[in-house]
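A short worksheet on the structure shown next.
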Amino acid sequence: MSFSRLGIVFSIKCCLVFSGSFSNRGRAQNTVSLDGITPQDIFGYETDVWHGTITKSALSGQVSLNDGSLGLQLGGVADVGKGNFAGLKFDMPSGVESAKMSFTITYTSAWGAANFNCDYTCNVYGFTAEGTSTVIGTWSLQNAKASLTQNEPVDVSFDLQLDPDANYSSFGLIFNNTRVANAGGMGCEISNILISGGAVPEPATASLGLLGLGALLLRRRRN
């Protein structure tokens, strides 16, 4: 499975540009867990490897990690208040001042009760080197079946609240699809997952940039 389309793109100040992408460096896991995925789980994961969790074995296959997209379904056998999860640990450049997360969510299918109700959420975390987590961004979609129109993509974007005094060692995100009421099911595809923002270059990098600019100006003056 490839996740080359799930990426991180940064526009660095002083015309310095950083780009990278989420890559699947190991086999993605899709397991049964009544506890879903916790921030501490994310901290313990290998960087850039997706993990999917379902609450019952009967829901197997309802978290799918495909090329460039994440399928997150929820079936009627799920208990009210429980759901399916997908989580990822990732890095961002040092010196990040501001960032946002964006993705596209598309309602792909539904079955069972006409008034089946489930919610989608996404939390983004910043971790210290010791593993202490802080929520730095959150998004939620209540009653997804009524809020979305089938096969019509919706673009989502929200800011990440980065503490300038925090020394983040890594970051993570958790997508969750939770059953709220009634027996039925629905699924959505989440694609184009992107973290973007601006960062201050390292002092050495900035100095090299200034030296290069000075050399260019000197050359132009001589000419």
Side-chain angles (χ1 to χ4, degrees), residues 1-11 19-24 28 30 36-37 42 48-54 59-76 78 82-90 92 98-125 135-161 171-182 184-198:
M1 290 179 288
S2 171
F3 300 94
S4 59
R5 298 181 197 170
L6 307 184
I8 302 175
V9 177
F10 272 82
S11 296
S19 63
S21 62
F22 292 137
S23 60
N24 185 27
N30 192 345
I37 294 176
I42 294 290
D48 296 342
V49 177
W50 283 93
H51 290 246
T53 298
I54 53 181
L59 300 175
S60 178
Q62 293 190 338
V63 179
S64 58
L65 303 166
N66 302 311
D67 182 18
S69 67
L70 163 68
L72 202 56
Q73 300 181 25
L74 189 66
K82 294 190 179 282
N84 297 336
F85 297 74
L88 179 74
K89 180 181 180 181
F90 63 92
M92 286 198 288
S98 62
K100 66 172 50 181
M101 179 173 181
S102 61
F103 56 87
T104 300
I105 183 168
T106 307
Y107 162 18
T108 56
S109 60
W111 58 94
N115 57 347
F116 174 77
N117 187 356
C118 69
D119 297 345
Y120 277 80
T121 61
C122 177
N123 285 326
V124 184
Y125 302 88
V135 176
I136 60 173
T138 186
W139 165 85
S140 64
L141 177 66
Q142 297 182 340
N143 198 355
K145 189 175 178 183
S147 301
L148 300 173
T149 301
Q150 190 166 10
N151 298 322
E152 291 189 9
V154 173
D155 293 327
V156 174
S157 178
F158 58 94
D159 292 330
L160 304 184
Q161 306 301 319
F171 300 85
L173 60 86
I174 299 176
F175 280 105
N176 178 213
N177 182 10
T178 305
R179 179 183 168 193
V180 179
N182 301 321
M186 75 167 292
C188 284
E189 181 182 81
I190 299 166
S191 58
N192 303 319
I193 303 173
L194 187 70
I195 305 289
S196 61

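- Using a distance-only test at 3.5 Å, with no hydrogens or angles considered, a donor-acceptor pair links the side chain of S147 to the main chain of Q142.
- In this structure, CG in L74 is found 6.5 Å from CG in L59, a value given to the nearest 0.5 Å.
- The line from OG1 of T108 to CG of N151 is 7.5 Å long, rounded to the nearest 0.5 Å.
- For N182 (side chain) and N115 (main-chain N/O), a donor-acceptor pair under 3.5 Å exists by modelled atom type.
- Between P153 and T104, the shortest heavy-atom contact is CB-CG2, 3.6 Å.
- Annotation: side chain of L148 is in contact with side chain of V154 (closest heavy-atom distance under 4.5 Å).
- Formation of a donor-acceptor pair under 3.5 Å by the K145 side chain with backbone atoms of A114 is found in this model.
- Under the 4.5 Å side-chain criterion, counting only non-hydrogen atoms from C-beta, F171 is not in contact with L160.
- With rounding to the nearest 0.5 angstrom, the CG atom of L70 is 6.5 Å from the OG atom of S64.
- Scanning all heavy atoms of the two residues, the minimum distance from E189 to S69 falls at OE2-OG, 3.4 Å.
- By the 4.5 Å heavy-atom criterion applied to side chains, M101 and I193 are counted as neighbours.
- The shortest side-chain heavy-atom distance between N192 and S102 does not fall under the 4.5 Å cut-off.
- Minimum heavy-atom separation, Y120 to A144: CD1-CB, 3.6 Å.
- Nearest approach of T121 to S140, heavy atoms of both residues: CG2-CB, 3.9 Å.
- Separation of atoms CG (N177) and CG (D119) is listed at 8.5 Å; rounding is to 0.5 Å.
- Panel note: side chain N176, backbone N84; a donor-acceptor pair is recorded below 3.5 Å.
- Rounding to the nearest 0.5 Å places OG of S157 at 9.0 Å from CG of L194.
- Under a cut-off of 6.0 angstrom, the local environment of CD in Q150 is crowded, with over 12 non-hydrogen atoms contributed by other residues, nucleotides or ligands.
- A distance of 9.5 Å separates CG of L173 from CG of N123, quoted to the nearest 0.5 Å.
- Residues Y125 and V135 have side chains in contact (heavy-atom distance under 4.5 Å, counting atoms from C-beta outward).
- With a 4.5 Å cut-off on side-chain heavy atoms, R179 and F116 count as touching.
- Ring-plane geometry between F175 and W50 is classed as parallel, the angle between the planes falling under 30 degrees on a 0 to 90 degree scale with a further cut at 60.
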Original post:
Given N143 and V180, is the side-chain contact (heavy atoms from CB on, under 4.5 Å) satisfied, shown in steps?
Top reply: CA-CA 8 Å; N143 198 355; V180 179; over 6 Å; no
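- Inter-residue side-chain proximity for F90 and V124 is flagged as met; some heavy-atom pair is nearer than 4.5 Å.
- In this structure, V63 and L72 have side chains that are in contact, with non-hydrogen atoms separated by less than 4.5 Å.
- Smallest separation of non-hydrogen atoms from C122 and F158: SG-CZ, 4.4 Å.
- The minimum heavy-atom distance between K100 and D159, with the atom names listed, is CE-OD1, 3.4 Å.
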